[in-house]
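Atoms considered below: every heavy atom in the structure, side chains included; atoms not considered: hydrogens, waters and symmetry mates. Numbers restart at 1 for each chain; the letters A, B, ... are given by sequence-line order, proteins then strands.
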2 protein chains.
Amino acid sequence: MASRLVLRIQERYAKLTAGEKKLAQLILDRQDDILTHSATEIAEMAGVSKATAARFFQHLGYADFNEVKLQAREERNQSEPYELSVTNSDQMAMGRAIGAHLELELKNLTRTFEEMRSDKIREAAELIDKAPRVWVLGLGAEEGIARYVRLLFSRLRHSVMLLGINQGSWAEDLAMTGPKDVLLLITLPPHPPLLKSILSYAKTSRLNVVTITDRTSLFEMQRVSKVVLPCHVTSFALGASLTAVSSAVRLLALTYAAHAGKSAQQRAEIVDSIKEEFDSFN
Amino acid sequence: MASRLVLRIQERYAKLTAGEKKLAQLILDRQDDILTHSATEIAEMAGVSKATAARFFQHLGYADFNEVKLQAREERNQSEPYELSVTNSDQMAMGRAIGAHLELELKNLTRTFEEMRSDKIREAAELIDKAPRVWVLGLGAEEGIARYVRLLFSRLRHSVMLLGINQGSWAEDLAMTGPKDVLLLITLPPHPPLLKSILSYAKTSRLNVVTITDRTSLFEMQRVSKVVLPCHVTSFALGASLTAVSSAVRLLALTYAAHAGKSAQQRAEIVDSIKEEFDSFN
DNA sequence: GCAATAATGAAACAACAGTTTCATGATTAT
DNA sequence: ATAATCATGAAACTGTTGTTTCATTATTGC
């Protein structure tokens with residue numbers, strides 16, 4: 001249930017004045033701050049006077065700021081904790097398709113993480129920590145997310161590489177792998193036959209395979225992996241939903257960052273600063 | 001989420017006076033209320049005078065109630081942050097990490113779709129339907145998801161291309177674009193400077209820009225886009241969360257598929273059958 | 001039971017939040 | 001260009017919050 005305040009702001013956004021837009025943007029961005037911050041503080045953060053802030057809420061139809069605060073509290077008490085299913089009335093408000101989509105995605109996410117074992121994640125993080133090199137692999141539809149994963153982890157540690165970055169270079173890349181290296185595999189059914197050959201090679205060269213896949217592939221993948229993190233990927237159409245997968249790899253990266261601690265943090269800072277310099281050329 | 005306030009109360013609970021125990025109980029029960037309620041309100045709820053409440057916080061070692069409020073805010077920002085740095089990820093105790101992660105992601109998803117306007121999605125789907133060609137663009141961390149988007153849509157229609165697939169080919173690719181083509185842009189802050197130039201070119205060549213971005217970039221992107229679909233990307237660390245973005249592009253694809261109807265479905269079937277044949281060779 | 005001490009609330013007070021007024025600067029229409 | 005309207009911040013003002021004082025009421029130790 002989006003707060004009435006937010007809905008009201010969006011509805012009237014086009015007609016707001018410059019200062020009011022600053023406020024609107026701030027509030028939409030940081031919706032929770034309405035609950036915790038005073039109008040004066042909000043005005044300061046938005047860079048307008050408190051007079052403008054007071055008027056803003058009046059123009060939105062509230063008698064005073066107190067009314068805003070009370071409404072926000074009331075809405076929080078109704079919707080907290082963040083709900084896992086979408087009520088029918090919610091669906092009406094946002095259009096059937098969006099509501100149904102949201103509900104399915106929430107379900108995927110919730111189930112994925114409720115079933116996720118923190119010891120497995122920690123184990124995966126540890127393997128990655130100990131690995132001389134990390135190879136990321138995603139074939140077909142999973143190539144995109146594999147690239148994202150590589151980027152995520154290469155901010156946190158050295159030697160994170162995409163496996164088979166050009167089609168056909170499997171052999172070369174695989175030849176470079178060593179024992180204790182981690183193969184971070186993202187794969188959803190239908191698993192292409194090519195995967196089988198890569199995994200059998202991985203086995204012989206003693207790669208530690210960390211697999212992120214869907215629930216139904218869990219057992220199949222467990223046979224060839226050290227750690228498997230299964231996700232719920234149910235969808236209406238267009239193949240599996242990557243939403244929970246993307247969230248799971250993110251959690252893995254966060255866990256790794258926590259595990260690796262300072263060194264990961266330092267690296268992230270360095271990478272950022274390099275990027276900044278780089279940007280100034282483009 | 002054990003706040004210092006709560007710890008302090010628990011530690012000293014035995015030695016508290018009657019009225020202070022009432023306060024303590026209330027605060028332990030409803031920890032979030034410290035963030036949202038005034039000391040006066042808390043006193044009332046606990047059934048004590050505000051004098052007692054003021055003294056209570058002083059006895060706990062705070063200079064005044066304001067210090068309590070600020071500390072509570074700070075602690076909330078650590079477990080529910082807005083900013084995009086790797087700092088603090090190590091402060092998360094792993095057990096709770098999954099729950100906290102899930103909660104944050106659910107919030108991102110829910111807010112994203114509650115605020116999403118179905119007319120905008122439909123408009124985007126329509127633009128894509130009418131476009132002779134669709135160019136997908138994601139720079140930096142968004143390149144991965146851009147590839148995924150291209151794949152999704154290329155199952156549904158012809159002529160879906162990744163823009164600047166090799167760095168440096170911007171110019172060539174952009175030269176090939178025509179009016180009514182759609183540029184499907186996925187971008188999150190910090191937006192690289194290169195984006196500006198690409199967008200200004202897109203404008204002159206009358207590309208219809210459909211942008212998927214985060215809430216904070218909404219207004220900035222609205223100026224250069226036909227349709228903007230904003231997502232909530234709040235995260236603990238490691239930059240923006242792509243979860244809601246990935247879900248949003250999926251919804252867009254689903255909407256497009258529904259819009260395009262039969263033809264998209266047929267195409268998907270053909271693509272699938274080609275892939276099957278292909279697989280049998282690998 | 002009776003001081004001595006501690007806890008408490010009412011009221012006084014100081015600080016602050018939120019609203020309104022007013023003067024000024026910006027924008028729009030003519 | 002000029003007037004008219006609008007948006008805005010500074011400051012005045014009002015009401016609220018949080019702290020402190022003080023008188024009263026419980027508790028404690030003896």
Side-chain angles (χ1 to χ4, degrees), chain A residues 3-5 8-28 30-74 76, chain B residues 3-5 8-9 11-28 30-74 219 223:
Chain A
S3 76
R4 280 188 268 170
L5 172 64
R8 188 102 185 89
I9 290 176
Q10 284 172 339
E11 182 182 307
R12 305 209 25 179
Y13 187 82
K15 301 186 176 175
L16 296 180
T17 69
E20 291 178 330
K21 278 184 185 162
K22 284 193 213 166
L23 284 163
Q25 184 163 175
L26 183 83
I27 292 169
L28 293 178
R30 318 190 36 159
Q31 300 185 16
D32 292 335
D33 285 5
I34 281 287
L35 284 162
T36 53
H37 290 63
S38 68
T40 304
E41 289 170 307
I42 291 171
E44 270 167 20
M45 287 190 283
V48 301
S49 70
K50 44 193 200 143
T52 304
R55 283 189 288 255
F56 173 58
F57 293 110
Q58 288 168 350
H59 293 163
L60 288 176
Y62 296 90
D64 54 25
F65 183 71
N66 205 38
E67 206 173 294
V68 178
K69 207 168 60 183
L70 292 178
Q71 191 188 71
R73 270 190 205 172
E74 200 177 295
R76 180 200 59 169
Chain B
S3 70
R4 279 194 269 169
L5 172 64
R8 190 102 184 88
I9 289 176
E11 181 182 308
R12 304 206 26 174
Y13 189 83
K15 302 186 174 177
L16 296 179
T17 69
E20 290 180 331
K21 275 184 185 159
K22 285 192 213 168
L23 283 163
Q25 199 55 54
L26 182 85
I27 292 168
L28 293 178
R30 318 188 36 164
Q31 301 189 17
D32 289 342
D33 286 7
I34 282 287
L35 282 161
T36 52
H37 291 63
S38 67
T40 304
E41 290 170 308
I42 291 172
E44 272 166 19
M45 286 190 284
V48 301
S49 71
K50 44 194 202 139
T52 304
R55 281 189 288 256
F56 175 57
F57 294 111
Q58 286 168 351
H59 293 163
L60 288 175
Y62 296 91
D64 53 24
F65 183 72
N66 203 38
E67 206 174 293
V68 178
K69 205 168 61 185
L70 292 178
Q71 191 190 69
R73 269 190 206 171
E74 202 176 290
F219 304 110
R223 269 182 283 121

Measure [atom1]/[X] against [atom2]/[N] and give the value in whole Å, please.
| X | N | atom1 | atom2 | value |
| --- | --- | --- | --- | --- |
| A:Phe65 | C:dG18 | CZ | C1' | 9 Å |
| A:Lys69 | D:dG15 | NZ | C1' | 12 Å |
| B:Glu20 | C:dT8 | CD | P | 6 Å |
| B:Phe56 | D:dG18 | CZ | C1' | 16 Å |
| A:Lys50 | D:dA10 | NZ | P | 11 Å |
| A:Glu44 | C:dG18 | CD | P | 11 Å |
| B:Asp64 | C:dC13 | CG | P | 21 Å |
| B:Lys21 | D:dA26 | NZ | P | 18 Å |

Which listed nucleotide ([options]) is nearest to the side chain of [X]?
| X | options | value |
| --- | --- | --- |
| B:Gln58 | D:dT20, C:dT8, C:dA17 | D:dT20 |
| B:Ser38 | D:dG18, C:dT19, D:dA10 | D:dG18 |
| A:Thr52 | C:dA7, D:dT8, D:dT20 | D:dT8 |
| A:Thr40 | C:dA17, C:dG9, C:dT8 | C:dA17 |

Between [X] and [Y], is there a donor-acceptor pair closer than 3.5 Å when you use the side chain of the first and the backbone of the second?
| X | Y | value |
| --- | --- | --- |
| A:Asp32 | A:Leu35 | no |
| B:Arg55 | B:Lys50 | no |
| B:Gln25 | B:Lys22 | no |

- Where each residue is assigned the nucleotide of DNA chain C containing its nearest heavy atom, which of A:Asn66 and B:Gly47 is assigned the position nearer the 5′ end?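 It is B:Gly47, whose closest nucleotide lies nearer the 5' terminus.
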- Query: Under a 4.0 Å N-O cut-off, is there an ion pair linking B:Arg73 with A:Glu41?
  - Reply: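 A salt bridge is present here (some side-chain N lies under 4.0 Å from a carboxylate O).
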- Item | Pair A:Arg76 + B:Asp33, salt bridge at N-O below 4.0 Å |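 The answer is yes: the pair qualifies as a salt bridge.
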- Query: At under 4.0 Å between heavy atoms, what does A:Ala18 touch on the DNA or RNA strands: base, sugar-phosphate, or nothing?
  - Reply: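 Sugar-phosphate contact only - A:Ala18 comes under 4.0 Å of backbone atoms but never of a base.
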- Indicate, with a heavy-atom threshold strictly under 4.0 Å, whether B:Ala51 touches base, sugar-phosphate, or nothing.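 Result for B:Ala51 = base.
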- Task: Tell whether A:Arg55 reaches the base of C:dG18 with its side chain through a donor-acceptor pair below 3.5 angstrom.
- Result: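 Side chain to base: no pair below 3.5 Å.
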- Query: Reckon B:Ser49 has a side-chain N or O less than 4.0 Å from the OP1 or OP2 of C:dT8?
  - Reply: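 For C:dT8, OP1/OP2 do not have a side-chain N/O of B:Ser49 under 4.0 Å.
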